[in-house]
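First the structure, in the form of structure tokens, and then the observations on it.
Order of the sequence lines fixes the chain letters, A, B, ..., with proteins taken first and strands second; residue numbering starts at 1 for each chain.
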2 protein chains.
Amino acid sequence: MEIKTACSQCNLRELCLPFGLDPREVDQLDELVGSRRKIKRQQHLYRSGDPFEAIYAIRAGSFKTDVILEDGRDQVTGFQMTGEVLGLDGISSEHHSCNAIALEDSEVCVIPFVRLEELSRQVESLQHQFHKIMSREIVRDHGVMMLLGSMRAEERLAAFLLNLSQRFTARGFSPSEFHLRMTRDEIGSYLGLKLETVSRAFSRFQDEGLVAVQQKHIRILDTPGLKRILNHHASN
Amino acid sequence: MEIKTACSQCNLRELCLPFGLDPREVDQLDELVGSRRKIKRQQHLYRSGDPFEAIYAIRAGSFKTDVILEDGRDQVTGFQMTGEVLGLDGISSEHHSCNAIALEDSEVCVIPFVRLEELSRQVESLQHQFHKIMSREIVRDHGVMMLLGSMRAEERLAAFLLNLSQRFTARGFSPSEFHLRMTRDEIGSYLGLKLETVSRAFSRFQDEGLVAVQQKHIRILDTPGLKRILNHHASN
DNA sequence: AAATCGTATTGACGTGGATCAAAGGCGTCC
DNA sequence: GGACGCCTTTGATCCACGTCAATACGATTT
């Protein structure tokens, strides 16, 4: 028995694939969203190497994606929240090229890719929104490269916190108070730092009155201060 | 007066947008490719902030893309060669979010984006190939994140050289001997290293007999050796 | 052929973040 | 409710890469 919650009813539609579609078109999209899938914390939505069949819109919960090398090193390539789309990496080779793992008990909408391409040949606004979503991912990745390639530890963490804050805001949550769903180690992997360095940077921010940190609970006390850390760079 | 060189005649079509299209479809694509544009060395194809109107397929030459922060720091996000597509970053916001700069005198095919979306609503194989190209960019970016986030200097350079070698091969050039079109500084920016570090890594590779380096001219002497550098990592 | 300029190499030294190590907080499972 | 395991914090030390500086190389101009 499927719980059939339509895109048209979904409060995430402004952030997700239905954005910009008119009601009739959203109904068409509804038909396409085959099913929902619940993923328990720490479980994989898909693994690197899995055949690619669908992309996924996060309906509840959150995920990380990571890439693993043969020698065991891994790199978290992103953290995804509700309304964001997972699986785009799989289109190019018909196989997924990263792992998607739930950070908490989560639920996704399964969007069979062949059918999405089909419908987006008919519905211009859907086609365009899908392209925007892919492009946004590319732009986001460039931002991460900038961060990894030319920022110091505290700048990276400040950028990370400001980015989270903004995304929580877009979802109607507090911009200044939230729970991290990922560990220090996962943050470190994403930011190209060791977990100890992440922890120390948090402590320093706390000492400077920028944030209040209590384990995974974060309160941002001085947003402009965090932004200043990002820009206050002498040169490179 | 336009030099009208058709996709159907182009020896890059296997690497580019026409891949997978049948001859009739390639003709349709031809009509869409509005014009070609020559870009001199060091000139911009587009700049961050420019309104987005078209994507570009590189017909001759090569480019770098970079992102610049307010404080002047910049990060090279990629090097592009013939057959590769530039401008995908612009779709998401209708404005380009990075700069594309020619590394040598180059020529691109201008592909007006509205028309590309139009045609790819009619031509399934074009739609799919375009999606693959975007997805490939995302996968590539994840690879760069891995490199920036968890590799040491020599591993980064080895990965870079092997990647170049493979791309030259795909274009019918020697896998083992080529000219770098970018400076040490640009390589460094891309790899998240300073130019001195890049230079030293080259020297070390040379000492170890892995490559012969003479300024921008590179000869790879020991491909397996370079690959070993990539994997021979104790742990993380 | 000399002068100039951008690029590359190499050396000496400094430092930010990694590594190693220990201890404390918190949730969870018997 | 006690013990165990995971996560986090913090300190001490190390080292890979950055920084600073000098020199060399090659192309281009005059």
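Following rounding to the nearest Å, A/Q214 (CD) and D/dC7 (C1') show an atom-to-atom distance of 14 Å. In this structure, CD of A/E196 is placed 17 Å from P of D/dC6, rounded to the nearest angstrom. Taking atom NZ on B/K194 and atom C1' on C/dA8, their separation rounds to 16 Å, with Å as the unit. B/I187 has its CD1 atom 7 Å from the P atom of C/dA8, to the nearest Å. Nucleotide D/dT9 holds its C1' atom 11 Å from the CD atom of A/Q206, rounded to whole Å. When the C1' atom of C/dG6 is taken as reference, atom CG of B/D185 falls 11 Å away, rounded to whole Å. Put simply, NE2 on B/H179 is 16 Å from P on C/dT7, counting in whole angstrom units. A/M182 has its CE atom 17 Å from the C1' atom of D/dC6, to the nearest Å.
Considering only side-chain atoms of A/S199, the nucleotide from D/dT10, D/dC17, D/dT19 that sits closest is D/dT10. Here the side chain of A/S203 is nearest to one of D/dC17, D/dT9, C/dT9, namely D/dT9.
Within the structure, every side-chain polar atom (N or O) of A/R200 is placed at least 4.0 Å from both OP1 and OP2 of D/dT10. For D/dC17, neither phosphate oxygen OP1 nor OP2 lies less than 4.0 angstrom from any side-chain nitrogen or oxygen of B/T197. Applying the 4.0 Å criterion to OP1 and OP2 of D/dC7, one finds that A/K216 has every side-chain N and O outside that range.
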Exercise. Take A/F52 and A/H96, measure what ring pair (Phe, Tyr, Trp, His ring centres under 6.0 Å) needs, and give me the verdict at the end.
Key: CA-CA 6 Å; A/F52 169 72; A/H96 286 287; 5.4 Å; yes
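Side chain B/Q215 to base D/dC25: no donor-acceptor pair is found below 3.5 Å.
Atom CZ of A/R47 sits in a sparse spot, with 12 or fewer heavy atoms from other residues, nucleotides or ligands closer than 6.0 Å.
If you check every strand for non-hydrogen atoms under 4.0 Å, B/G192 touches sugar and phosphate atoms only.
Mapping A/L195 and B/R41 onto DNA chain C by nearest heavy atom places B/R41 closer to the 5' end of the strand.
In this structure, A/C7 SG and A/R59 CZ are separated by 8.5 Å, a value rounded to the nearest 0.5 Å.
With B/E104 as reference, B/R181 is the one residue of B/R181, B/H179, B/R41 to meet the side chain to side chain donor-acceptor pair (under 3.5 Å) rule.
Between B/S106 and B/K38, every side-chain heavy-atom pair lies at or beyond the 4.5 Å cut-off.
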